Amino acid sequence: MASSNRSGQPMVPNVAKAGASFRGAFLYYLHDKREAWEAERMTADRVSWTKTRNLATDNPDLAWRIMAATAKDQDRLKAEAGVKNTGRKSPNSVYAYSLAWHPDEAKHLSKSEMLRAADESIRVLGAENRQAIIVCHRDEPHPHVHVILNRVDPDTGRMLTNSKDFVRLSQWAEAYERERGRIWCGARVENNAKRAKGDFVRASSPTPRSMEQAFDQARGSNDNQARRARDEAKIRTAKLASDSAGMSKRHGVEWDVLRKAHQDRKDAIYDRAKERSARVRSEIKDSYAPVWRDLYRQQHRERRSFDAREKRLAGKIANALDAIRHRRDLDPENSRGWVSAAFRFVTSREARAMVLTKVHEREKRELKADEKRALDKATLEVRRDRQGALSRSLDVFGGERTALIARQTVEKDEMKGRWRDEHDSRTRAFGTIVQAAAYRKAAQAEATPRERFEAQERGDQFRNAAEGNARRMGRVRRRTRRRDE
């Protein structure tokens, strides 16, 4: 649901800062705004109607007292409901917000529709079972209601969370506008779409929570000056917020660039090591290729000689003697069975051929092991060089990281200083308004009735003169336009 100010600009549901005093809240919402010199005002001309929720009465003066009693009874309610009375305690049980419609809707907006919207917003906040009073005001051109909730659950004593309350109300307000067939606040639609994508969008309100308390105090002293000071502070704060967001985004980019540069260096080191390892392995394999070729040729000649000797008796005996000798070399620790082995070698060609095959397999294993040792040695050297390069790259990253942290810390401290200066400036501005009102009030208290009458008379004369000047200036402008025409 959108709302509007005097110029027709839409507003969003406005959430006030959580408070601890139901009496103070309802002195404000159930009565007219007090003037600067008044401690409180008990008239209620601006109140159009009230309605209660989850309370046994529709009398607002009795209802807020029941809400206050419920909040004070929180510990007992928790004990009776079996809820552990642990965790951080908060005295701020008063939760208030307003819902406002566009001024163009005032003629056709019914009480039932305003109550429906209020009830829906209460449900969105998860406060359906909380005690609430809905107050409709008629002191502004746009129709609006104030919803005052008791955050304390009347059944369990649990405190209602207000986490992301504005976002939830904003999303509900957009859906409410769509349901009624017209979008009054396009900016809210864009912000909610950004939030749906995971972007952070800061909620805005007429009075930011950071200055609500000071603004309320100054507003009670001089409403116009307080609003002017608030609006000026909002402009400065918006600029600071924009600068802070820009700084945070830039810091994030700087960290991304630093991490990427470090990762790129690491990737380059690994790529160079991989290329070098492949090159070294290729060179070693190339160097062993002639050795393997010679071995295969030698073993081929030995196999042909073996086959040639097998055609003669003397050759068989020579092959048998070679088999006995090779067996001793293949298994020097096993001296048993030599007689039976020698008999097999003399009588069996297959036995003699098997020994030769085993000899050739041993020679291949030995050459392969020798080649592997050469490859492992070269690979280890590449890995050592790679580790050294990675260590040096990490040192570079550490230095760059330390420098970036130091520089960003300085910038963050400077930004914090700007925020502190803005807070001090805002506090002084609001404090000056309160102090000036106190001086005026003291002066009024010390003034005689005649002095007060004369001051009032001078004020009336000044306002009348200002209004007369405005009318005369309007006539002058109209005459000037006619002459120009």
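Since the structure is predicted, the reported quantities are computational estimates derived from the model, not experimental observations.
- Annotation: side chain of R428 is in contact with side chain of D424 (closest heavy-atom distance under 4.5 Å).
- For the pair K311 and K316, the minimum side-chain heavy-atom distance is 4.5 Å or more.
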Problem - Chi angles and distances behind the side chain to side chain donor-acceptor pair (under 3.5 Å) call for R309, N319 - result: CA-CA 7 Å; R309 287 195 297 268; N319 286 342; 2.5 Å; yes
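- Within the 4.5 Å cutoff, the side chain of R23 has heavy atoms near those of the W64 side chain.
- A 4.5 Å side-chain heavy-atom check between D370 and E366 finds every atom pair outside the cut-off.
- Within a 6.0 Å sphere centred on NZ of K377, heavy atoms belonging to other residues, nucleotides or ligands number 12 at most.
- Side-chain contact check for S110 and S112: at least one donor-acceptor pair (N or O, by modelled atom type) lies under 3.5 Å.
- Heavy-atom neighbours of R401 CZ from other residues, nucleotides or ligands within 6.0 Å: at or below the threshold of 12.
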Handout entry: Derivation of the side chain to side chain contact (heavy atoms under 4.5 Å, CB included) call for L240 and M415
Key = CA-CA 8 Å; L240 272 176; M415 185 59 68; 4.1 Å; yes
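- Under the 4.0 Å criterion applied to side-chain N and carboxylate O atoms, E120 and R116 are assigned as salt-bridge partners.
- Between H144 and H137, the gap from one ring centroid to the other is short of 6.0 Å.
- Between I134 and V145, the shortest heavy-atom distance links the atoms CG2-CB, 4.2 Å.
- No side-chain donor-acceptor contact under 3.5 Å links Q131 to the backbone of L55.
- Across every non-hydrogen atom of P13 and F166, the tightest pair is O-CE1, 3.1 Å.
- Side-chain polar atoms of R386 and S277 form no donor-acceptor pair below 3.5 angstrom.
- Remark: E363 CD to H360 NE2 distance equals 5.5 Å, nearest 0.5 Å.
- Side chain of S305 to backbone of R301: a donor-acceptor contact under 3.5 angstrom is found.
- Looking at heavy atoms from C-beta onward, L109 lies in side-chain contact with M114 at the 4.5 angstrom threshold.
- Taking CG from L390 and CG from D385, the interatomic distance works out to 11.0 Å, rounded to the nearest 0.5 Å.
- Comment: K239 engages D243 in a salt bridge, judged by a side-chain N to carboxylate O separation of less than 4.0 angstrom.
- Look at D322 and R352 and you find no salt bridge, because none of the NZ, NE, NH1 or NH2 atoms lies under 4.0 Å from a carboxylate O.
- To the nearest 0.5 Å, atom CG of residue L356 and atom CZ of residue R303 are 4.0 Å apart.
- In the model, T50 has no side-chain atom that pairs as donor or acceptor with a side-chain atom of Y29 under 3.5 Å.
- Crowding of M354 atom CE: a count of heavy atoms from other residues, nucleotides or ligands under 6.0 Å not exceeding 12.
- Salt-bridge check for E174 with R178: passed, with a basic side-chain N closer than 4.0 Å to an acidic carboxylate O.
- Contact check for K372 versus D376: side-chain heavy atoms found under the 4.5 Å cut-off.
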Practice task
Determine, stepwise, if the pair E371 / R365 fulfils salt bridge (Lys or Arg N to Asp or Glu O under 4.0 Å).
Solution key: CA-CA 10 Å; E371 182 182 10; R365 287 196 302 271; over 6 Å; no
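- With 3.5 Å as the limit, one finds no donor-acceptor pair spanning the side chains of N129 and N54.
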Exercise for the section: Tell me, with the steps shown, if R228 and E232 meet salt bridge (Lys or Arg N to Asp or Glu O under 4.0 Å). Expected result: CA-CA 6 Å; R228 189 180 306 113; E232 292 174 354; 5.5 Å; no
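- Side-chain N/O atoms of Y95 and N150 include no donor and acceptor closer than 3.5 Å.
- If you take CD1 on I405 and CG on L258, they are separated by 9.0 Å, rounding to the nearest 0.5 Å.
- Judged by distance alone, the side chains of E113 and W101 never bring a donor and an acceptor atom under 3.5 Å apart.
- Nearest heavy-atom pair, M159 versus S90, reported as atom, atom and distance to 0.1 Å: CE-O, 3.2 Å.
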Exercise for the section: List the steps, then state whether salt bridge (Lys or Arg N to Asp or Glu O under 4.0 Å) holds for E254 with R407. Expected result: CA-CA 11 Å; E254 289 172 348; R407 181 170 58 79; 3.2 Å; yes
Practice task
Start with the C-alpha gap between Q171 and N192, add the side-chain angles, then the distance that decides, and say whether side chain to side chain donor-acceptor pair (under 3.5 Å) holds.
Solution key: CA-CA 7 Å; Q171 293 170 344; N192 285 335; 4.8 Å; no
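- A salt bridge is defined here as a Lys NZ or Arg NE, NH1 or NH2 lying under 4.0 Å from an Asp or Glu carboxylate O, and E275 with R279 fails to meet this definition.
- Distance alone, capped at 3.5 Å, places no donor-acceptor pair between the S393 side chain and the A389 backbone.
- The minimum heavy-atom distance between R168 and L125, with the atom names listed, is NH1-O, 3.7 Å.
- Enclosure of atom CZ in R383 is not indicated, since only 12 or fewer non-hydrogen atoms of other residues, nucleotides or ligands lie within 6.0 angstrom.
- Under the 3.5 Å distance criterion, the side-chain polar atoms of S425 are left unmatched by any main-chain donor or acceptor of D421.
- Contact annotation: the side chain of R349 approaches that of F306 to within less than 4.5 Å [non-hydrogen atoms, C-beta and beyond].
- Scanning all heavy atoms of the two residues, the minimum distance from M67 to I148 falls at CE-O, 3.7 Å.
- Checking W419 against S244 by side-chain atom types alone, a donor-acceptor pair falls below 3.5 Å.
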Practice task
Determine, stepwise, if the pair R76 / D73 fulfils salt bridge (Lys or Arg N to Asp or Glu O under 4.0 Å).
Solution key: CA-CA 6 Å; R76 183 187 64 80; D73 213 20; 2.4 Å; yes
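- Counting non-hydrogen atoms of neighbouring residues, nucleotides and ligands closer than 6.0 angstrom, the CZ atom of R362 exceeds 12 such neighbours.
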Exercise for the section: Please assess E411 against H251 for the test side chain to side chain donor-acceptor pair (under 3.5 Å), listing each intermediate value before the final yes or no. Expected result: CA-CA 10 Å; E411 294 179 358; H251 284 182; 2.6 Å; yes
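- The CD1 atom of I433 sits 12.0 Å away from atom CZ of R227, with the distance rounded to the nearest 0.5 Å.
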Handout entry: Audit row: E400, H262, side chain to side chain contact (heavy atoms under 4.5 Å, CB included) steps and yes/no
Key = CA-CA 10 Å; E400 293 173 341; H262 178 54; 5.8 Å; no
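- Nearest approach of F22 to S93, heavy atoms of both residues: CE1-OG, 3.5 Å.
- Panel note: side chain R130, backbone R151; a donor-acceptor pair is recorded below 3.5 Å.
- The closest donor-acceptor contact from the side chain of S242 to the backbone of A238 lies at 3.5 Å or more, if one exists at all.
- Using a 4.5 Å heavy-atom threshold, the side chains of Q298 and D294 count as separate.
- Here D119 contributes atom CG and K51 contributes atom NZ; the two are 10.0 Å apart, rounded to the nearest 0.5 Å.
- Between the side chains of H142 and E105, no donor N or O sits under 3.5 Å from an acceptor N or O.
- At most 12 heavy atoms of other shown residues, nucleotides or ligands fall within 6.0 angstrom of atom CZ in R304.
- Judged by distance alone, the side chain of S121 and the main-chain N or O of A118 form a donor-acceptor pair under 3.5 Å.
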